Structures are given as structure tokens and as C-alpha cells.
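What follows is a single structure, written as C-alpha cells, with notes after it.
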Amino acid sequence: MSEQETHPAEAATYDVAAVQDKWLPVWDELQPFRADDDSPREKRYALTMFPYPSGDLHMGHAEVTALHDVIARYWWQRGFEVLNPMGWDSFGLPAENAAIRNNEHPATYTYANIETQYESFRRYGISFDWTRRLHTSDPAYYRWTQWLFLKFRERGLAYRKNSPVNWCPNDQTVLANEQVVDGRCERCGHEVTKRELTQWYFKITEYAQELLDCLDDLEPTWPARVVSAQRNWIGRSEGAHVDFAVEGRAEPITVYTTRPDTIFGTTFLVVAVDSPLAEELVTDEQRAAFEAYREEIRKETEIERLSTDRAKTGVDLGVTATNPVTGTQIPVWATDYVLADYGTGAVMGVPGGDQRDWEFATTMGLEIVRTTQTPEGFDGEAFHGEGPAINSPAPGVDAPLDINGLSVDEAKRATIDFLEQQRAGEGTVNFRLRDWLLSRQRYWGVPIPIIHCEKDGEVAVPYDQLPLELPELRGADLKPKGVSPLAAAEEWVNVACPTCGGPAKRDSDTMDTFVDSSWYFLRFCSPDYTDGPFDVAKANAWMPVDIYVGGVEHAVLHLLYARFFTKVLRDMGMLEVGEPFSAQLNQGFVINRGKKMSKSLGNGVSLGDQLAEFGVDAVRLTLVFAGPPEDDIDWADMSPAGSLRFLQRAWRLSGDVTSPAGTSPEGGDVALRRVTARTVHDAAELIEAYRFNVMVARVMELVNATRKAIDSGCGPADPAVREAAEAVAILLSLVAPYTAEEMWSRLGHEPTVARAGWPVVDPALLVEDSVVAVVQIQGKVKARLDVAPDIGDADLERLAMAHPDVVRAIDGREVRKVVVRAPKLVNVVV
RNA sequence: GCCCCGAUAGCCCAACGGCAGAGGCGAUGGUCUCAAACACCAUUCAGUGUGGGUUCGAAUCCCACUCGGGGCACCA
């Protein structure tokens with residue numbers, strides 16, 4: 001009964017709430033996860049995507065941080081100095097909309113939610129270094145966002161241009177291409193329209209090639225779907241610019257094509273109807289028809305325009321152009337199936353090689369010439385596959401270039417060579433990626449630090465006047481009116497020009513919030529630094545982020561922008577690395593009953609309720625154990641009650657150990673010691689492969705083995721039992737910190753188990769003294785042998801062939817082959 | 001249409017090309033209880049989406065297909 005005397009107050013059931021209340025203040029005191037910049041230990045940077053402060057934390061936050069924390073805590077246990085910071089992406093529309101609704105300032109909503117989320121994170125026990133907390137809406141932070149904007153502008157990487165842009169009529173602001181999904185606003189789902197506006201852009205296209213090339217290096221450590229999404233988004237294509245001369249016009253029409261080899265089949269040119277080129281080319285006779293057509297197209301929404309099965313439409317512009325290879329005159333049309341802002345906004349119409357051109361030619365009654373030999377039995381329309389060139393030129397036609405019979409690749413090269421020789425074109429590379437539109441016509445964001453002066457034009461706000469703070473606006477002042485609320489803040493917007501002192505106006509737009517999150521991981525390295533956005537030495541010491549955990553919804557947006565910022569900062573000499581995130585892990589979604597949680601489906605699961613019912617550890621364990629991190633978790637299939645049951649079983653071990661703390665495991669039960677050693681060893685490998693669910697399963701096994709040893713094996717006093725229980729506590733500290741701490745304490749140790757260090761295993765215990773070899777006949781198992789792990793092939797074969805069950809199975813048949821894989825297997829082929 | 005990922009027991013998931021089962025959930029039986037819940041103990045169930053191929057041997061490698069998830073898409 002000595003156990004009961006030792007722990008008189010402890011009943012047989014584990015009191016989750018009491019354990020949580022007991023350890024949280026202790027950890028607050030100890031601050032075990034404060035990252036020391038000057039630590040001699042090897043550094044690791046673990047980052048999880050910082051949240052937007054909308055309400056309290058939900059299941060998604062719980063999942064991503066639980067997964068992330070396994071890695072961060074593992075690194076601490078392995079002896080690294082770990083930077084694991086957290087902050088808030090706290091500018092953005094929801095706060096602004098809430099402020100309009102409640103007639104208050106967006107900061108009220110924002111900072112109230114941040115406090116709520118902070119408190120929840122704290123209780124949730126994630127190993128964040130709270131001393132580095134930051135908010136992108138703090139002037140101390142956005143001062144440097146503005147500083148970076150000005151530096152980018154100095155390098156020609158931030159500029160203003162007038163261009164048709166995506167406009168969300170609901171949010172009353174422009175959107176970046178990345179924020180338009182299937183013609184709808186990514187945020188609110190409203191149909192997006194086009195508007196002609198002068199807006200600020202970041203010149204991300206200047207880095208398109210490098211952003212693409214570096215993906216090769218990231219491929220092994222980044223999720224495949226993110227790499228592929230970025231490749232698709234950047235959309236590199238190789239082709240040629242080809243010039244088509246137009247009579248009476250100095251400049252030719254330059255088209256972009258990926259199939260210069262089909263030039264002999266070019267029977268017309270098509271120009272984007274909404275391009276300045278179309279406007280300029282149209283003849284007076286055709287102008288009325290052209291303008292009517294253009295008006296019709298303008299009324300259409302993006303959704304209608306993007307529909308792929310719509311009929312081809314267009315208007316003849318009335319001009320002809322000269323095919324630079326054949327010299328033939330071909331008509332020039334305007335259409336909406338050519339995009340104004342891709343390539344040159346003009347395309348050579350090759351109906352024989354392109355299905356869209358085929359449809360257009362058929363509709364408009366234009367000529368069709370095939371220039372690639374179609375395969376036997378081909379009954380399609382346009383053909384864009386492999387085949388020898390034909391009609392290039394057509395039989396009997398004399399042309400300065402002849403590519404007949406060449407393969408597509410050869411023909412492309414020959415055509416480009418010819419065009420370059422004739423100065424009528426050149427080989428070129430094109431990208432789908434466009435410059436990043438960063439202006440937003442809303443209030444709750446970083447003010448663009450530019451002053452517009454009639455005399456001096458765009459003038460930067462002087463660096464010593466940063467931060468340029470937002471004026472105090474609230475409630476109805478923030479109502480979207482199509483221009484930024486800042487434009488109406490007279491006292492704020494009217495200002496003296498820094499150059500001439502005359503009357504001028506501030507730029508009244510704010511920055512896309514993705515600008516804020518494009519460099520926050522750098523700020524975390526020195527969050528209180530006041531001489532620049534970050535301390536260069538510290539950033540270089542911590543960067544790159546060793547693991548970045550977050551949602552795959554940011555595959556192209558945030559991750560592409562952050563990569564761009566990192567490359568620019570490297571080129572500015574402020575960073576050594578060119579890629580911010582060396583490895584990445586995307587968690588799946590937490591769903592319920594097969595569907596995404598939503599109010600309308602009524603299938604939401606409240607994180608708060610789950611925590612109240614099962615406790616922090618059981619919820620975290622459930623999320624980590626559910627399956628591979630990147631898979632979706634259907635909460636309906638999960639059993640937090642089962643997780644809690646397991647935690648109790650683990651906890652009970654710590655009360656059963658009777659040997660004193662500090663007992664050497666030497667001489668303890670070898671069988672149990674082997675299980676412990678194997679579990680600790682495998683757990684490390686599993687964590688490094690992000691296979692946390694399997695790691696948890698292995699800890700469960702260890703708990704089961706220890707239980708058996710106590711109840712019906714070596715007994716509670718055996719040193720191996722203590723060794724096993726301590727290993728369980730340390731391994732569990734990555735997933736269930738409260739339970740682990742309580743176990744550690746009951747095992748006679750001081751807090752905190754989180755910094756106890758990874759259990760040391762004796763390598764000798766990892767080597768089994770005997771293994772089971774399987775003997776197969778025709779691949780079917782017929783016998784098992786206990787053999788030494790270092791047995792040779794010859795010895796194993798001899799043992800196997802002598803086994804009575806094997807002799808019986810062979811049954812006197814001729815042995816044709818014996819495959820031996822010592823020490824595991826013998827396969828006899830008869 | 002193009003590209004990427006996946007499919008193993010009633011369910012969630014394991015399995016260096018070598019015994020299909022580590023772990024959990026559920027179910028069933030038992031112990032405990034006046035009874036139940038909890039807890040504990042035990043038992044149960046698939047031949048790996050389909051069809052081929054490679055191999056002594058395939059859940060695993062290759063090909064085709066089906067289904068599911070995701071990305072890109074009138075990008076010339």
C-alpha cells in the first residue's frame with residue numbers, strides 16, 4: 001500500500017482540468033521556449049502561418065498548431081535552440097466590415113479578438129515564444145512595411161500603371177489576379193468585373209524565371225501540390241514573337257506564338273478586342289461595328305467570358321497584314337478569345353493547328369490550311385500533335401523558307417532562325433504570371449507612403465516621417481464608396497509636398513494585406529528592432545525557416561509573394577538566403593460527417609466545447625493521431641474519448657513506478673528495455689518524416705508493453721519500468737504536454753519535461769539477439785525459424801532445408817531455385 | 001482538355017519488394033456493480049479499387065482503366 005501513501009490524494013481517475021490549472025502557471029513562470037539569439041546551440045526555425053484574428057480559435061487552428069508543435073518541441077528535446085514565434089495578420093476586411101456594422105474602430109474588433117486567441121493559444125499549450133509576438137496592424141510593424149515599399153520603389157519594383165483590373169463590386173476594391181478564383185472574389189464570392197484604374201504594382205514578373213527555377217530545389221521538401229500549383233501559376237512557355245507588317249503603319253503587329261512552325265498555316269490575325277492595338281488598327285469603315293462589339297463584350301462578366309464552350313465572336317478590323325514567310329495578305333480580326341494582357345495581345349490564327357482558331361475560322365468563313373501531317377485515322381478538327389510539317393510551303397509555292405518534312409521541334413527552330421535572320425521575329429519566353437496589384441480601396445491596411453503633387457508628381461514620404469499612420473476613422477466613415485475612405489479624410493489626405501512645399505495629396509489607397517505577411521517571418525527574428533525592418537545579423541542567423549506549417553490554400557498567394565520578397569531582400573544585401581522556407585508541411589482540413597464545417601450545414605464542431613469535454617491533451621492527441629498530417633480529418637470518425645482513455649493509461653504508469661527517480665536502467669528487464677529503445681529510436685525517424693500518427697501508435701505500444709511488464713512481467717520495481725515510463729513522458733511531451741508534465745512530476749522530476757532532453761538509448765538494445773526467419777515454398781510461408789541476426793545465407797539455407805515442415809512441403813519435388821535473404825527469409829522454388 | 005495526389009478490415013489508419021496488421025475506433029463476450037456508466041481483460045473482421053506486366057516473391061515497381069481529392073485552363 002506504499003503507493004497510496006505516496007499519492008494519497010490521487011484517485012484512480014485522472015483529473016484533466018486540475019492538471020491543466022496546475023501546470024499552466026508553472027510554464028508561464030519558466031518560459032521554457034524563449035528563443036535565445038545568442039545561444040551556442042544549433043538553431044532551428046519552426047513557423048506556423050500566423051492567423052487572421054476573426055473570433056476565437058477553431059478546429060483548424062487547433063490542428064495546424066498541434067502538428068507544428070510536435071516538430072518544435074521535438075527540436076527542443078533534441079537540443080536545438082528553437083525559434084517558434086506567433087503573431088497576428090491583423091489588417092484586413094472583416095475587421096473593417098465589423099466596424100461599419102457596429103459603428104466602431106476596426107482596431108477594437110481586431111485587438112479584442114487577438115486577446116481572445118492569445119489566451120486560447122496559451123491554454124492550448126503550444127510552445128510559442130510569446131516574447132516575440134507581433135501584429136501587422138501595429139504602427140511599429142507597418143512602419144517597416146512602408147519602408148520596404150519605398151525601397152522596392154527605388155529599385156523599380158513598385159510602380160503605378162493604368163490598366164484594366166479586377167474589381168469586386170461587393171468589397172468595393174480591386175483584387176490581385178491571385179485573389180480571383182473562377183471569376184469570383186476569393187474572399188466574398190461575388191462576381192468580379194473589370195475596371196480601368198491607375199494602381200500600384202509590385203514587379204514580381206522580374207523574378208518569374210528565378211521563382212520557377214528555385215522550385216526544383218524545393219521539390220524534395222515542399223508538398224508536391226504546392227510546387228505544381230506554383231509552376232502552373234508562373235506558367236512559363238517558350239515560343240516566338242512574329243512581326244506581321246501592316247501597310248501604312250510604321251509598326252508591325254507582333255504576335256506571340258508557341259508554334260512558330262505553323263506559320264504557313266496562318267490565315268488571319270486576331271487581336272484582343274479590349275486592347276489599345278485593336279482600337280488603333282480599326283478602319284473608319286469598320287469602327288462602328290467594332291465599337292458595338294466591344295461594348296457588348298464589356299458588359300459581360302468574367303464568369304461569362306471564361307466559359308469555355310461559348311461560340312467564337314469577332315469583328316473584321318478592315319486591315320490586312322503580311323505573313324512574313326509567305327508574303328500573303330491576311331485579314332486582321334478583333335475578338336474576345338484573345339487576352340489583352342497575355343503575350344502581345346495578338347495571335348496568329350492557325351485554324352489547322354489550334355482548336356480555338358479552327359472554331360473561329362469556321363464561324364467566320366476563313367481559310368484553313370493544315371501544316372502538320374495528321375496521323376492515320378485522325379478525324380478531329382485542329383491537330384496540335386507531333387508530325388512532319390506539310391504545306392510549308394504548299395506544293396508548287398516558292399517561299400524563302402522550306403520546313404516540309406521536319407518534326408515539330410526542328411520546324412520550330414528553323415522558323416525562328418529564319419525570322420531572326422529576316423528581323424521579322426525572335427524566339428522568346430512568356431510567363432502567365434502578372435505583376436502583383438497591391439493597391440486596395442479600403443481603410444484597414446498599410447497606407448501607401450506616397451504623396452501626389454501636381455508639380456513634382458509622385459513623391460515618397462520621407463523615411464524619417466515613417467510610419468505614416470492611419471487617420472482615426474470609424475463606423476460610417478469606412479463605408480465602401482469605390483474610393484478609399486482615406487480620400488475623404490481631408491485633414492489626413494491634404495498635405496504639403498515634401499519637395500516643393502506646395503499643396504499635394506496623399507495616396508489614399510492601402511496595401512494588400514499579403515504585403516504584410518510577405519516578411520513577418522523576418523520580423524520575428526528581431527521583433528523589437530527599431531533601426532530597420534529586421535536586424536540583418538539575426539535574420540541571417542535564424543533564416544531560412546526550417547519548417548513552415550500551414551494550409552495549402554496559400555499555395556500560390558502568400559507563398560509566392562513571400563518568396564518574391566525574400567529574393568528582393570537578398571538582392572538588397574539584407575539577406576543571405578534566396579528562399580524563405582526550406583521545408584513545408586500542409587495540414588488537411590478538419591471536416592465533420594464528410595463535409596466541410598459550415599453554419600448552413602449545421603455540422604460545426606466547437607473547439608471550445610471539445611477542449612472543455614476532453615481537455616487540451618486529448619484534443620491535440622486526437623488531431624495528431626488521426627492520420628497523415630496532410631489528410632483531411634473527419635471529426636465524426638475520431639474519438640477524443642479514446643485519446644483521453646489512452647492518456648489516462650499512460651498517466652497511470654507514472655503512479656505505478658516504485659523505483660526512485662535517478663534509478664539507473666542498467667540491469668532492468670531486457671525485453672522491456674528493448675521495446676523502449678526501439679520506440680525512442682523509431683519515434684525520432686517518424687517525426688522527421690512527419691509521420692506523427694505512427695509515432696503516437698508506437699508510444700501506445702510502449703504504454704501497453706509497460707503495463708504488461710508491471711502487471712504480469714518484471715513488476716513495478718524493475719528499473720526498466722521507470723525507464724519506459726520516463727520515455728513515455730518525454731515522447732508524450734510533444735503531443736500532450738499537460739499529461740506529460742504531470743507524469744514527469746509523479747516520476748519524481750522537476751518541471752519541465754518539455755526540456756528534459758531526448759531519451760538516450762543504448763544502441764546495443766536496438767540489436768535483437770534473435771530474429772524470426774520465414775521459410776517460403778513458392779512464396780507461401782511454410783515454416784519459421786529463430787535465428788541469430790547475423791546468420792549467413794549459407795547457414796540459413798541449410799537450417800531451412802532441414803526443417804521438417806519444409807521437407808514435407810517440398811515433398812520430394814525438384815528444387816529449382818532457393819532465394820536466401822538472411823536473416824529474414826528463404827524462398828524455395830520447386 | 002492538361003498536370004499532380006490518393007484508394008488496405010464496419011470506420012480511422014500501419015506494413016525497407018519478403019508472414020497483409022503496429023495502433024486506435026466500433027462491435028461482441030467477460031470482470032467490476034443491486035443495476036448501469038466508467039474502467040479493465042479478451043475476442044472478432046479484409047487478401048489490399050479493376051485488369052494486365054516485371055519478379056523466386058507485389059499492398060509496395062511499371063502500364064491501362066475506374067472512382068475520389070486538388071491545381072491550371074479560350075494563356076495562343
Side-chain angles (χ1 to χ4, degrees), chain A residues 12-13 181-182 223-237 239 255-259 262 270 272 305-310 312 335-339 341-350 353-357 359-360 384 430-434 552-553 555-556 586 588-589 621-622 625-628 630-643 645-646 648-649 652 679 682 686 691 693-704 707 711-712 772-784 816-821 824-830:
Chain A
T13 314
V181 179
D182 293 333
R225 51 184 170 169
V226 175
V227 174
S228 117
Q230 293 220 352
R231 285 214 177 99
N232 277 332
W233 191 261
I234 295 168
R236 184 185 199 271
S237 76
V255 304
Y256 173 71
T257 179
T258 55
R259 290 295 300 274
T262 62
V270 244
R305 236 198 107 146
L306 287 172
S307 161
T308 48
D309 52 359
R310 63 206 295 256
K312 292 284 177 287
T335 181
D336 69 337
Y337 83 86
V338 173
L339 306 176
D341 55 354
Y342 181 77
T344 60
V347 167
M348 57 188 218
V350 188
D354 183 287
Q355 187 60 28
R356 294 157 300 184
D357 295 342
E359 287 163 15
F360 189 77
H384 57 264
N430 215 348
F431 293 94
R432 208 188 72 100
L433 180 72
R434 316 293 163 76
V552 74
E553 65 273 19
V556 285
N586 294 138
F589 291 108
L621 180 74
T622 303
F625 181 56
E630 57 278 2
D631 287 4
D632 287 351
I633 297 172
D634 193 331
W635 195 251
D637 295 333
M638 296 300 126
S639 173
S643 299
R645 211 148 49 220
F646 162 71
Q648 286 174 357
R649 280 164 56 78
R652 220 170 280 126
T679 304
D682 291 356
L686 289 164
R691 306 193 54 205
N693 55 324
V694 186
M695 184 270 289
V696 170
R698 300 300 305 277
V699 178
M700 289 174 170
E701 247 179 292
L702 177 57
V703 168
N704 292 345
R707 182 80 260 157
D711 291 346
S712 55
V772 176
V774 177
V775 186
Q776 301 176 332
I777 312 292
Q778 313 290 66
K780 298 253 186 285
V781 179
K782 296 293 178 189
R784 293 181 172 80
R816 289 169 43 206
K817 188 169 179 183
V818 180
V819 180
V820 186
R821 293 283 180 274
K824 298 189 71 177
L825 173 126
V826 177
N827 188 22
V828 182
V829 187
V830 293

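Lettering of chains follows the sequences in order, A, B, ..., and the numbering in each one begins at 1. These numbers were taken from a predicted model, which means no experiment stands behind them.
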Practice prompt. State the pairing partner of B/C72; accept Watson-Crick or G-U wobble contacts with both distances under 3.5 Å, and report none otherwise.
Written response: B/G1
Discussion item. Between B/G52 and B/C45, how many Å separate the two P atoms, rounded to a whole number?
Written reply: 29 Å
Worksheet item: For atom P, what is the distance between B/G26 and B/G21, given to the nearest Å?
Response: 23 Å
Worksheet item: Since syn is defined as within 90° of 0, does B/G47 count as syn or as anti?
Response: syn
Practice prompt. Please determine, for the side chain of A/Asn232, which listed nucleotide (B/C74, B/C13, B/G71) has the closest atom?
Written response: B/G71
Discussion item. Tell me if a side-chain donor or acceptor on A/Asp632 pairs with a main-chain N or O of A/Phe589 at a distance below 3.5 Å.
Written reply: yes
Discussion item. Return the CG to CZ distance between A/Asp341 and A/Arg432, rounded to the nearest 0.5 Å.
Written reply: 10.5 Å
Worksheet item: Using purine N1 to pyrimidine N3 plus N6-O4 or O6-N4 for Watson-Crick, or N1-O2 and O6-N3 for G-U wobble, both under 3.5 Å, which nucleotide pairs with B/C13?
Response: B/G21
Worksheet item: Nearest to the side chain of A/Arg691 - B/A15, B/A39, B/A73?
Response: B/A15
Worksheet entry | Between B/A20 and B/A9 - C1' atom distance, rounded Å | 11 Å
Worksheet, complete the sentence: Whichever of A/Asp632 and A/Arg259 has the more 5' nearest nucleotide on RNA chain B, that residue is A/Asp632
Worksheet item: What residues, two or more places apart in sequence or in another chain, satisfy side-chain contact (heavy atoms from CB on, under 4.5 Å) together with A/Phe360?
Response: A/Phe268, A/Val270, A/Lys312, A/Trp333, A/Thr335, A/Tyr337, A/Met364, A/Leu366
Worksheet entry | Nearest-0.5 Å distance, CG of residue A/Asp354 to OG1 of residue A/Thr258 | 8.5 Å
Item to complete: Just name whichever nucleotide pairs with B/G47, Watson-Crick or G-U, keeping both distances under 3.5 Å, else none.
Response: none
Fill in: Interatomic distance at C1', B/G57 relative to B/C67, whole Å
29 Å
Discussion item. Over all strands shown, is A/Pro628 touching base, sugar-phosphate only, or nothing at heavy-atom distances under 4.0 angstrom?
Written reply: sugar-phosphate
Worksheet, complete the sentence: side-chain contact (heavy atoms from CB on, under 4.5 Å) filter on A/Glu630, not counting sequence neighbours, yields A/Arg225, A/Leu585, A/Pro628
Fill in: Inter-nucleotide P distance (B/U28, B/U44), Å rounded
16 Å
Worksheet item: B/A39 P sits how many Å from A/Gln648 CD, rounded?
Response: 7 Å
Discussion item. What's the closest nucleotide to the side chain of A/Arg432 if the choices are B/C13, B/A73, B/A76?
Written reply: B/A73
Check the interface with nucleotides 55-60 of chain B: list each N/O to N/O pair with the protein under 3.5 Å, or write none.
{"residue": "B/C56", "atom": "OP1", "partner": "A/Lys817", "partner atom": "NZ", "Å": "3.3"}
{"residue": "B/C56", "atom": "O2", "partner": "A/Asn827", "partner atom": "ND2", "Å": "2.2"}

Discussion item. Starting the side chain at C-beta, find the nucleotide from B/C4, B/A76, B/C72 nearest to A/Ser237.
Written reply: B/A76
Worksheet, complete the sentence: RNA chain B nearest-nucleotide lookup for A/Gln230 and A/Gly235: closer to the 5′ end is A/Gln230
Worksheet item: To the nearest 0.5 Å, what is the distance between CZ (A/Arg649) and CZ (A/Arg707)?
Response: 7.5 Å
Response to the item:
By side-chain contact (heavy atoms from CB on, under 4.5 Å), A/Ser643 pairs with (sequence neighbours left out) A/Ala618, A/Leu621, A/Thr622
Discussion item. Measuring only the C1' atom in each nucleotide, how far is B/G23 from B/U31? A whole number of Å is fine.
Written reply: 24 Å
Discussion item. Measuring only the C1' atom in each nucleotide, how far is B/G24 from B/A15? A whole number of Å is fine.
Written reply: 16 Å
Worksheet, complete the sentence: Contact string for nucleotides 27-33 of chain B, one letter per nucleotide 5' to 3', B = base within protein heavy-atom range under 4.0 Å, S = sugar-phosphate only, - = neither, reads -------
Fill in: A/Met348 CE to A/Thr262 OG1 distance, which is reported to the nearest 0.5 Å
3.5 Å
Practice prompt. Write down the partner of B/C67 under the Watson-Crick or G-U wobble criteria, each distance required to be under 3.5 Å.
Written response: B/G6
Worksheet item: Nearest to the side chain of A/Tyr342 - B/A39, B/A76, B/C74?
Response: B/A76
Item to complete: Take atom P in B/C5 and the same atom in B/C40, then report the distance between them in whole Å.
Response: 42 Å
Worksheet entry | Any-strand Watson-Crick or G-U partner of B/A39, both distances under 3.5 Å | B/U31
Discussion item. Without decimals, in angstroms, what is the distance between A/Asp336 CG and B/A76 P?
Written reply: 17 Å
Discussion item. Starting the side chain at C-beta, find the nucleotide from B/A76, B/C16, B/C72 nearest to A/Trp233.
Written reply: B/C72
Worksheet item: When rounded to the nearest 0.5 angstrom, what is the spacing between CE in A/Met700 and OG1 in A/Thr679?
Response: 13.0 Å
Could you pull out the protein-nucleic contacts involving nucleotides 21-25 of chain B (nitrogen or oxygen on both sides, under 3.5 Å)?
{"residue": "B/A22", "atom": "O2'", "partner": "A/Glu701", "partner atom": "OE1", "Å": "2.3"}
{"residue": "B/A22", "atom": "O2'", "partner": "A/Glu701", "partner atom": "OE2", "Å": "3.0"}
{"residue": "B/C25", "atom": "OP1", "partner": "A/Arg645", "partner atom": "NH2", "Å": "2.8"}

